[in-house]
Amino acid sequence: QVQPVESGGGSVQAGGSLRLSCATSRSTYYTSCMGWFRQAPGKEREGVAAIYTGDGSTYYASSVKGRFTISPDNAKNTVYLQMNSLKPEDTAMYFCAANAPYGGRWRCEPDIQAAHFGNWGQGTQVTVFS
């Protein structure tokens, strides 16, 4: 499997915005569930948003709903995470993953669980300062 590659992280003041990108292979991207997760030091990995690339259905954690938007670029096999109104508590390493090896709609649901995703990128750091 080709590992997804995240980019777009950085440091931003509270209230600001960042857009993360997750590029992967066609075989990983096509009709699968692509998810964004984050992990802060000392905390468990948390599902943030997910999208089923087959029809564009999206799912969000309650902590980011209304502030973050996940979107696809089917031509580039890339998933974006637009993050607005950032808060210091959004500070974390952000990871992208696919619901490998099953793919399809498997576990693409509002309760986004890291255990259901199997093809992980290396992550990109997001730091929000007040």
Side-chain angles (χ1 to χ4, degrees):
Q1 289 179 331
V2 175
Q3 192 175 35
V5 178
E6 303 96 335
S7 61
S11 295
V12 63
Q13 193 168 21
S17 299
L18 285 172
R19 189 178 80 154
L20 306 183
S21 299
C22 170
T24 187
S25 66
R26 182 66 174 166
S27 61
T28 296
Y29 178 92
Y30 184 68
T31 59
S32 70
C33 190
M34 298 295 298
W36 280 101
F37 299 79
R38 64 187 181 188
Q39 189 167 20
K43 294 190 176 181
E44 292 188 357
R45 194 164 293 191
E46 171 193 19
V48 173
I51 185 167
Y52 173 56
T53 61
D55 64 9
S57 299
T58 58
Y59 309 91
Y60 295 95
S62 57
S63 58
V64 306
K65 194 173 291 185
R67 298 189 299 123
F68 291 10
T69 302
I70 189 170
S71 63
D73 185 331
N74 295 335
K76 296 182 178 180
N77 304 321
T78 296
V79 173
Y80 301 102
L81 185 68
Q82 178 67 43
M83 306 186 295
N84 298 330
S85 302
L86 282 162
K87 305 175 181 179
E89 51 263 43
D90 294 318
T91 295
M93 184 71 80
Y94 282 70
F95 298 89
C96 174
N99 62 341
Y102 300 104
R105 282 191 175 275
W106 191 77
R107 296 295 187 175
C108 208
E109 56 195 11
D111 185 16
I112 307 163
Q113 295 290 329
H116 301 150
F117 289 73
N119 188 10
W120 292 89
Q122 293 296 314
T124 186
Q125 177 68 36
V126 171
T127 302
V128 184
F129 56 91
S130 56

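Keep in mind that this is a model prediction, so the values were computed, not measured.
Annotation: ring pair (Phe, Tyr, Trp, His ring centres under 6.0 Å) contacts involving residues 54-75, sequence neighbours excluded, are absent. Applying the disulfide (SG to SG under 2.5 Å) test to pairs two or more places apart or on separate chains, those with a residue in residues 55-99 are Cys22-Cys96. The disulfide (SG to SG under 2.5 Å) pairs that include a residue from residues 100-130 are Cys33-Cys108, where partners are two or more places apart or lie in different chains. Within the structure, ring pair (Phe, Tyr, Trp, His ring centres under 6.0 Å) contacts touching residues 73-109 (residues at least two apart or in different chains) are Tyr102-Trp106, Trp106-His116.
The backbone N or O of Val128 lies less than 3.5 Å from a partner atom in the side chain of Thr91, making a donor-acceptor pair. In this structure, the side chain of Gln39 does not engage the main chain of Ala92 through any donor-acceptor pair within 3.5 Å. With hydrogens and angles ignored, the 3.5 Å screen pairs a side-chain donor or acceptor of Thr53 with a backbone N or O of Tyr29. In this structure, Asn119 contributes its side chain and Val2 its backbone to a donor-acceptor pair below 3.5 Å.
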side-chain contact (heavy atoms from CB on, under 4.5 Å) assessment of Trp120 paired with Arg45: CA-CA 12 Å; Trp120 292 89; Arg45 194 164 293 191; 3.2 Å; yes

Step-by-step side-chain contact (heavy atoms from CB on, under 4.5 Å) determination, Glu89 to Ser63: CA-CA 10 Å; Glu89 51 263 43; Ser63 58; over 6 Å; no

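For the pair Pro72 and Ile51, the tightest heavy-atom approach, listed with the atom from each and the gap, is CD-CD1, 3.5 Å. Residues Ala14 and Pro88 come closest through the heavy atom pair CB-CD, 4.1 Å. Of all heavy-atom pairs between Met34 and Ala98, the closest is SD-CB, 3.6 Å.
In this structure, Gln122 and Gln3 have side chains that are in contact, with non-hydrogen atoms separated by less than 4.5 Å. When side chains are defined from C-beta on, Arg67 counts as touching Asp90, because their heavy atoms get closer than 4.5 Å. Contact check for Thr58 versus Tyr52: no side-chain heavy atoms found under the 4.5 Å cut-off. Put simply, the side chain of Arg19 does not reach to within 4.5 Å of the side chain of Ser17, judged on heavy atoms. Put simply, the side chain of Arg38 does not reach to within 4.5 Å of the side chain of Val126, judged on heavy atoms. Put simply, the side chain of Leu20 does not reach to within 4.5 Å of the side chain of Glu6, judged on heavy atoms. Side-chain contact between Ile112 and Val48 is absent, with no heavy atoms from C-beta onward closer than 4.5 Å. Using a 4.5 Å heavy-atom threshold, the side chains of Ser21 and Lys76 count as separate.
Partners of Ser11 by side chain to side chain contact (heavy atoms under 4.5 Å, CB included), not counting sequence neighbours, listed by chain and number: Thr127, Phe129. Residues passing the ring-ring contact (aromatic ring centres under 6.0 Å, His included) test with Phe117, sequence neighbours excluded: Phe37.
Sparse packing is recorded around CD of Glu44, with 12 or fewer heavy atoms of other residues, nucleotides or ligands lying under 6.0 Å away.
Taken from CD in Gln82 to CG in Leu18, the straight-line distance is 8.5 Å, to the nearest 0.5 Å. Taking OG of Ser57 as the reference point, atom CZ of Arg105 lies at 4.5 Å (rounded to 0.5 Å).
Checking Thr24 against Asn77 by side-chain atom types alone, no donor-acceptor pair falls below 3.5 Å. Side-chain contact of Thr69 with Ser71: a donor-acceptor pair under 3.5 Å is absent, judged by distance alone.
Taken together through direct or relayed side-chain contacts under 4.5 Å among Ile, Leu, Val, Met, Phe, Trp and Tyr, Leu81 and Val12 form part of one hydrophobic cluster.
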